[in-house]
Amino acid sequence: MSNNKHYFSSELVRWYEKERRDLPWRRTRDPYHIWVSEIMLQQTRVDTVIPYFNRFVDRFPSVRQLAEAPEEEVLKHWEGLGYYSRARNLQSAVREVVDRYGGEVPRLKEEVSGLKGVGPYTAGAILSIAFDQPEPAVDGNVMRVLSRFFGLEDDIARPATRVRIEGVAKELIPHGKAADFNQALMELGAMICTPKSPACPTCPVREMCSARLQGRQSELPVKTKAKPPKFVLRLAALVEGTGIRSGKVLVRQRPKTGLLARMWELPHLEAPGQSVWDSVESGCSWLEQEFAQEGLMIKAVDHIGDAQHTFTHLHWNIRVMSAVLQAEESAILPPHYQWVGPDDFENYVWPNVFRKVLTQYFIGMYKPSKP
DNA sequence: AAGGCGGGGTC
DNA sequence: GACCCAGCCTT
């Protein structure tokens, strides 16, 4: 092994053994717990994951207990964490582990990689961290660290670059130290070799880092820009119950697939253009017509507030309109619609944007004007 | 190869 | 605001 590679690996592991953070998933060797942590950590920061991880393994301590749990309860434990297909895929995968592998997380690369929601990074992480197998686990941190140290100019937004860096990373794994080395790489990326203003003076491998020696820390890694999110205007109906439904609000469940699958929300629609918003009245009448086509006869009353939410790929600008249901006593609700009040609010799973709106409404801060 | 898929921290 | 995070799946 060439000189700088050996230097990199040994100094990095030495640093990690001294500086490693005490994280919940570093206190266990249970492959299932390692697995859960790696799924939660996909595109999600450590500090965000910690409370979710603790609650999740407390409620679902084993593969079997997760496999047998109601999907709704699994989703509830994921609420607010984002990328909800991770939760669905994880439960589907543990059920496969029960059915095909007797409830034991498999140790073969092909079997681990075949599990739902387990891609190249997560497979490498499970195999190395749980079983100490010399497999690379290349995430955004690792691509950044290795691009800088070795002066790699490849665009890390390209899939081919990850494949190349996996080859580099695999060669660097010290014999018998796959778990520590892979975690050390990511730890360095998270704590020292950060995207902006890296802490080079305290870096354990600074003396042979290509980027630092050339003063190019800010130029590496090379990464092409993502497309900006698409802006969308949406109108939502906050339909207030009357009589025995006083204090309740009409909500609906989203479809089984796609964005925010199976989560609950205020009924809302994408506006065809700004023209529906020429006036409050035109917005109200447009909303009434659209919902009438879905079999929901509402009377929109007033514009009572706005909510914004940015996803990776789109930005929602939601105008919230107060409304009532026509002939509420005899009205038949379309499928997937439901009345919800403060008392049963927590029995449903909400994306954050609607959790905020409804929480505000129920505590009286988001007050519709009365007809 | 490109786009869909959340939410939050940081600068 | 922009960027990006212990990425994966579908097309």
Side-chain angles (χ1 to χ4, degrees), chain A residues 20-21 23-26 34-53 75 78-90 92-93 112-130 136-145 155-163 165-166 169 179 181-191 193-198 218 221 223-232 254-255 257-263 265 308-316 349-356:
Chain A
R20 56 179 288 180
R21 288 172 289 176
L23 303 173
W25 46 90
R26 287 184 179 162
I34 306 283
W35 178 11
V36 170
S37 75
E38 291 301 337
I39 300 297
M40 287 187 170
L41 286 161
Q42 290 169 7
Q43 297 292 287
T44 312
R45 289 167 194 283
V46 165
D47 290 343
T48 305
V49 166
I50 290 173
Y52 282 91
F53 174 82
L75 202 54
W78 212 272
E79 184 182 45
L81 198 54
Y83 286 133
Y84 300 96
S85 66
R86 294 185 293 177
R88 265 208 316 279
N89 288 338
L90 177 59
S92 167
V112 173
S113 299
L115 297 169
K116 274 204 181 67
V118 177
Y121 163 74
T122 307
I126 293 171
L127 291 166
S128 62
I129 298 171
V138 174
D139 67 346
N141 285 314
V142 175
M143 288 198 282
R144 183 172 59 254
V145 169
D155 179 0
I156 64 168
R158 292 175 52 230
T161 301
R162 197 210 70 237
V163 174
I165 293 183
E166 280 173 349
F181 175 76
N182 280 351
Q183 293 185 85
L185 258 180
M186 294 186 277
E187 191 88 343
L188 190 74
M191 306 301 292
C193 196
T194 50
K196 291 172 184 173
S197 54
S218 63
K223 186 178 184 182
T224 54
K225 284 191 196 301
K227 279 175 49 173
K230 181 182 145 199
F231 274 70
V232 189
R254 295 182 61 84
T257 59
L259 185 69
L260 302 171
R262 284 180 221 187
M263 301 182 80
E265 64 182 6
Q308 318 280 330
H309 192 68
T310 302
F311 302 86
T312 305
H313 57 299
L314 56 86
H315 177 91
W316 280 353
V349 185
W350 308 96
N352 271 11
V353 57
F354 291 110
R355 163 173 290 278
K356 286 175 188 165

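Just so we're on the same page: letters track the sequence lines, and every chain starts at 1. Here the structure is a predicted model, which is why all the values come from computation and not from measurement.
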Undergrad: May I ask you to say what A:T48 touches in the nucleic acid, namely base, sugar-phosphate or nothing, with a heavy-atom cut-off under 4.0 Å?
TA: nothing
Undergrad: Taking the same atom, P, in C:dC4 and in B:dC5, what whole-Å distance lies between them?
TA: 22 Å
Undergrad: So do A:R21 and A:E187 actually touch side chain to side chain, heavy atoms under 4.5 Å?
TA: yes
Undergrad: Among B:dC5, B:dG7, C:dA6, which nucleotide has an atom closest to any side-chain atom of A:Y84?
TA: B:dG7
Undergrad: Atom CD1 of A:I156 and atom C1' of C:dC5: how far apart are they, to the nearest Å?
TA: 11 Å
Undergrad: Assess the side chains of A:N141 and A:R144: does a donor N or O sit below 3.5 Å from an acceptor N or O?
TA: yes
Undergrad: When rounded to the nearest Å, what value does the distance between P atoms of B:dG3 and C:dA6 take?
TA: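 Pairwise P distance, B:dG3 against C:dA6, rounds to 24 Å.
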Undergrad: With P as the reference atom in both, quote the distance from C:dC8 to B:dG8 in angstrom, rounded to an integer.
TA: 22 Å
Undergrad: How would you label the contact of A:W316 with the nucleic acid (heavy atoms, under 4.0 Å): base, sugar-phosphate, or nothing?
TA: nothing
Undergrad: With sugar-phosphate meaning primed atoms plus P, OP1 and OP2, does A:L185 contact a base, only sugar-phosphate, or nothing at under 4.0 Å between heavy atoms?
TA: nothing
Undergrad: Does A:T122 put a side-chain nitrogen or oxygen below 4.0 Å from OP1 or OP2 of C:dC8?
TA: yes
Undergrad: Kindly indicate whether the side chain of A:Y84, heavy atoms from C-beta on, has any atom under 4.5 Å from the side chain of A:M263.
TA: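 A:Y84 reaches A:M263 side chain to side chain.
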Undergrad: Give a yes/no answer on whether the side chain of A:R86 brings an N or O atom under 4.0 Å of OP1 or OP2 in B:dG6.
TA: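 No, A:R86 has no side-chain N/O under 4.0 Å of OP1/OP2 on B:dG6.
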Undergrad: A:F354 has an atom CZ; how far is it from atom P of B:dG7, in whole Å?
TA: 10 Å
Undergrad: Under 4.0 Å, heavy atoms only, any strand: does A:L314 hit a base, just the sugar-phosphate, or nothing?
TA: nothing
Undergrad: At under 4.0 Å between heavy atoms, what does A:T44 touch on the DNA or RNA strands: base, sugar-phosphate, or nothing?
TA: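 It contacts base atoms.
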Undergrad: Which is true for A:R26 with a 4.0 Å heavy-atom rule: it touches a base, it touches only sugar-phosphate, or it touches nothing?
TA: base
Undergrad: Select base, sugar-phosphate, or nothing to describe what A:V49 touches, counting heavy atoms under 4.0 Å on all strands.
TA: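 Contact class for A:V49: none.
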Undergrad: So A:S197, base contact, sugar-phosphate only, or nothing? Heavy-atom distance under 4.0 Å.
TA: nothing
Undergrad: Let me know the distance between CH2 of A:W78 and P of B:dC5, rounded to the nearest Å.
TA: 18 Å
Undergrad: Could you check if a side-chain atom of A:V353 sits within less than 4.5 angstrom of a side-chain atom of A:Q308, using non-hydrogen atoms only?
TA: no
Undergrad: In the structure I gave you, are the side-chain heavy atoms of A:H309 and A:K356 within less than 4.5 Å of one another anywhere?
TA: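 A side-chain contact is absent here, since even the closest heavy-atom pair is not under 4.5 Å.
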Undergrad: Expressed in angstrom and rounded to an integer, what is the separation of A:N89 atom CG from B:dG4 atom C1'?
TA: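 Distance check: A:N89 CG to B:dG4 C1' gives 14 Å.
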Undergrad: Have a look at A:R144 and say if it touches a base, only the backbone sugar-phosphate, or nothing, with a 4.0 Å heavy-atom cut-off.
TA: sugar-phosphate
Undergrad: Starting at the 5' end of DNA chain C and moving along, which residue's nearest nucleotide shows up first, A:G117 or A:R45?
TA: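 Upstream on the strand: A:R45.
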Undergrad: Could you check which of C:dC8, B:dG7, C:dA6 has an atom nearest any side-chain atom of A:T312?
TA: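 Closest nucleotide among those given: B:dG7.
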Undergrad: To the nearest Å, give me how far apart CG (A:L260) and P (B:dG7) are.
TA: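 Computing the A:L260:CG to B:dG7:P distance gives 6 Å.
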Undergrad: In this structure, how many angstroms lie between the P atom of C:dA6 and the CH2 atom of A:W35, rounded?
TA: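 So the two atoms are 22 Å apart, to the nearest Å.
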Undergrad: Could you tell me the separation between the NE2 atom of A:H313 and the C1' atom of B:dG6, rounded to a whole number of Å?
TA: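 Taking atom C1' of B:dG6 as the reference, NE2 of A:H313 is at 9 Å.
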Undergrad: Rounding to an integer number of Å, can you tell me how far A:D155 CG sits from B:dA1 P?
TA: 10 Å
Undergrad: Please compare A:I129 and A:K116 by the position of their nearest nucleotide in DNA chain C and report the one closer to 5'.
TA: A:I129
Undergrad: At under 4.0 Å, does any side-chain N or O of A:N352 touch on OP1 or OP2 of B:dG8?
TA: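 So the side chain of A:N352 is within the cut-off, an N or O lying under 4.0 Å from OP1 or OP2 of B:dG8.
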Undergrad: Just do the side-chain contact (heavy atoms from CB on, under 4.5 Å) check on A:L260 and A:E265 with the steps written out, would you?
TA: CA-CA 10 Å; A:L260 302 171; A:E265 64 182 6; 5.5 Å; no
Undergrad: Determine whether A:Y83 and A:T312 make a side-chain contact, defined as any pair of heavy atoms from C-beta on separated by less than 4.5 Å.
TA: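 A:Y83 reaches A:T312 side chain to side chain.
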Undergrad: Can you work out whether A:T310 or A:D47 has the more 5'-proximal nearest nucleotide on DNA chain B?
TA: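 Its nucleotide being nearer the 5' end, the pick is A:T310.
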Undergrad: Is there a side-chain polar atom (N or O) of A:Q42 under 4.0 Å from OP1 or OP2 of C:dG7?
TA: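 Answer is no, no contact under 4.0 Å.
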Undergrad: By the 4.0 Å heavy-atom rule, please label A:G80 as base, sugar-phosphate, or nothing.
TA: sugar-phosphate
Undergrad: Report the residue (A:P159 or A:Y83) whose heavy-atom-nearest nucleotide on DNA chain B is the more 5′ of the two.
TA: A:P159
Undergrad: Is any side-chain N or O of A:H309 closer than 4.0 Å to OP1 or OP2 of B:dG7?
TA: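 Looking at the OP1 and OP2 atoms of B:dG7, one of them is under 4.0 Å from a side-chain N or O of A:H309.
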Undergrad: Give A:R21 one of three labels, base, sugar-phosphate or nothing, depending on what nucleic acid heavy atoms sit under 4.0 Å from its own.
TA: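 Base, at least one base heavy atom under 4.0 Å.
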